[in-house]
Amino acid sequence: MRMSKYLLNTLKEVPREAETLSHQLMLRSCMIKKVAAGIYTYMPMGYRVIRKIEAIIREELNREGCIELLMPAVQPAELWQESKRWDFYGKELLRFKDRKGADFCLGPTHEEVITDVVRRELKSYRQLPLNLYQIQTKFRDEIRPRYGLMRGREFIMKDAYSFDVDDQASEKSYWSMYHAYARIFHRCGLKFRAVEADSGAIGGSYTHEFHVLADTGEDTVLSCTHCEYTANIEKAECRKPESVEHGDFLETEKRETPGKKSVEEVAEFLGVQPENLIKTMIFVAEDGTPVAVLVRGDHEVNEVKVRNFLGLNALELADEETIRAATGGPSGFSGPVGLNIRILADYAVREMENAVTGANEKDMHWLNVNPERDFKVSEYGDFRLAEEGEQCPRCEEGRYEQFKGIEVGQVFRLGTKYSESMDCRFLDENGKEKPAVMGCYGIGVGRTAAAAIEQNNDENGIIWPVNIAPFDVMILNLDVRDEDVSIAARTIEEKLEEMSFEVLYDDRDVRAGFKFKDADLIGLPLQVIVGKRGLKEGVVEVKVRRTGDREKVAPAEVPRKVVELLNSLKEQEEQRR
RNA sequence: CGGGGAGUGGCGCAGUCUGGUAGCGCACCUGCCUUGGGAGCAGGGGGUCGGAGGUUCAAAUCCUCUCUCCCCGACCA
């Protein structure tokens, strides 16, 4: 491709709207253009990357026996009413009416449609397993779209849905997708982790998220240094503390702590360590029932764990008024002593001795409070956030290591939620009717591209992994008006294209420095630099974008060199962990 | 939705407080000159200052309403 004929206007300055690096670089390298909040045009350069990622996804899914189809973006309300999600889904679902006044929505996901498709076709267990996928544009009316493709409202997603005869078969489908995903992200040249995650309100036994590791990621992932255990911080289990021998319980004592509310303030004021405090958080369930959650002063409550333990969809921190009603005191001075609501306590609290707690009274705390002696706990459990450096809950040797990640994919077991509500059944070998057991599997295509940039860049721009780079090689003609240089550059272009490499040939009549800057910004894996200076010595330069290494080779040697360098880059990238 | 900020050529910004008929850098076009890391000089095109209404002899600037975008938060299979 001749750059002089291509649509690629790079920006030297950073557009104000761009916060994250990948967003900035995508705008500067003319990959995307914003049309409205969270809605983008994929410009030629950006679309090439999208297509590369899609191709890898297709290959790996087809290898697993998945079948591609394409469902509509616009979906009728009836299907969503049937699955009960029309009312449940919330404002993220963009709804509208057609000219006849019938309700429709833009599909944020396709469980309903796929279940409808399959129930019409599925008759016998002989047709299973079945795994159908599509790559398509989805729409979720996010409250706050941001970071470019990282969190758009309209986005390209690969979604797959598996249908199986029973749980066991469904699990097999699940793991086959899990492994396909691992191959996909490896091939994309990304460092990633498959992490155990919270399965959320949708229910389901377990789920893995695939996170690309990047410091700018929005999610926190904890991974054991020794064993395989890796989990989203929302889910990461805490090791149950060793039971300790309880010794001398001291007499409780009420002490004035004027204006001291936070753990730090109280601990400092009383001259004790934060881990000697019991932090009492008051939450309210969906139905308005208050619940107290107790954790050690230096720990944080994990709301997801609490919510799941209680089997709730929603759980909120109580407001001042609710706290007063539930405890009799103002916020900041809550404590379990004499409290008459349900009390959940983290395991670590059970091991505490002579602790400090709020007294449910303004400016007052209790000293020497002991669980069971001074208050009753309804249930003990794992209710806190795990932290980096803690001992792994699954093995003896390892400790938690913390990463920031960008969620690019998820594999999820749906069970029979949709097949039952929407009547997607088949006859088993005994002629008995059964609902299909389903799974769903998503990959954010645009987000994968953005994550790749977050993970692969330097101060000069993007460094594309070979397999998803928009082109393989950039040729820089530094002296377009010099006949010999141009002939040499064109010859190299033709040769490489004959070998089916994708080549971007910078034949623009601009200064050399301009081309170098653009080439680094765009970030193709290799640059072939053809200039008067080198040609005089009979050489051109081949530069590796990632390392900056340059090698002088004879023009005729370029194809061989390109093959060699691309292969070695590819190999390195696919091995990255 | 709550809190904060911003809308002025394609991009980045100044001008707004103190009203006087729009400016700078980048990008773009022409020419000269230059040519290995975003050159220089000269000339040029492009903006009803987000929109509507109002005040005024006069509004980018003051007032009212409205739309959009960005940041923080809550939200998020």
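Quick caveat: nothing in here was measured; it's all calculated off a predicted structure. Proteins get letters first, then strands, A, B, ... in listed order; numbering begins at 1 in each.
In this entry the distance linking CZ of A:R144 with P of B:C72 reads 5 Å, nearest Å. We find that CE of A:M150 is positioned 17 Å from C1' of B:C70, with the value rounded to whole Å. Counting to the nearest Å, the P atom of B:G38 and the CE atom of A:M3 are 16 Å from each other. Protein atom NZ of A:K552 is 14 Å distant from nucleotide atom P of B:G36, rounded to whole Å. Summarising the geometry, the separation between CZ on A:R146 and C1' on B:U68 is reported as 18 Å, rounded to the nearest angstrom.
Using a 4.0 Å heavy-atom distance criterion, A:E142 is classed as making no nucleic acid contact. No contact: A:G90 has no heavy atom under 4.0 Å from any strand. The residue A:L521 sits close to a base: some heavy atom pair falls under 4.0 Å. At the heavy-atom level, A:R16 lies under 4.0 Å from the strands shown only through sugar-phosphate atoms. Residue-level contact check: A:Y441 touches neither bases nor backbone, having no heavy atom under 4.0 Å from any strand. Using a 4.0 Å heavy-atom cutoff across all strands shown, A:N460 reaches no nucleic acid atom at all. Residue-level contact check: A:R153 touches neither bases nor backbone, having no heavy atom under 4.0 Å from any strand.
A salt bridge does not link A:K84 to A:D87: none of the charged side-chain nitrogens sits closer than 4.0 Å to a carboxylate oxygen.
For A:F403 and A:H211, the ring centers are positioned 6.0 Å apart or more.
A close approach under 4.0 Å does not occur between any side-chain nitrogen or oxygen of A:R140 and OP1 or OP2 of B:C76. An OP1 or OP2 oxygen of B:G10 is reached within less than 4.0 angstrom by no side-chain nitrogen or oxygen of A:K33.
Of the candidates A:K543, A:K515, A:R28, A:R546, A:D520 forms a salt bridge (charged side-chain N to carboxylate O under 4.0 Å, His left out) with just one, namely A:K543.
Pairs of residues two or more places apart, or lying in two chains, that qualify as salt bridge (Lys or Arg N to Asp or Glu O under 4.0 Å) and include a residue from residues 4-26 of chain A are A:E17-A:K34.
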Problem set entry | Sugar-phosphate or base contact per nucleotide [nucleotides 24-35 of chain B; S, B, -; heavy atom under 4.0 Å] | -B--------BB
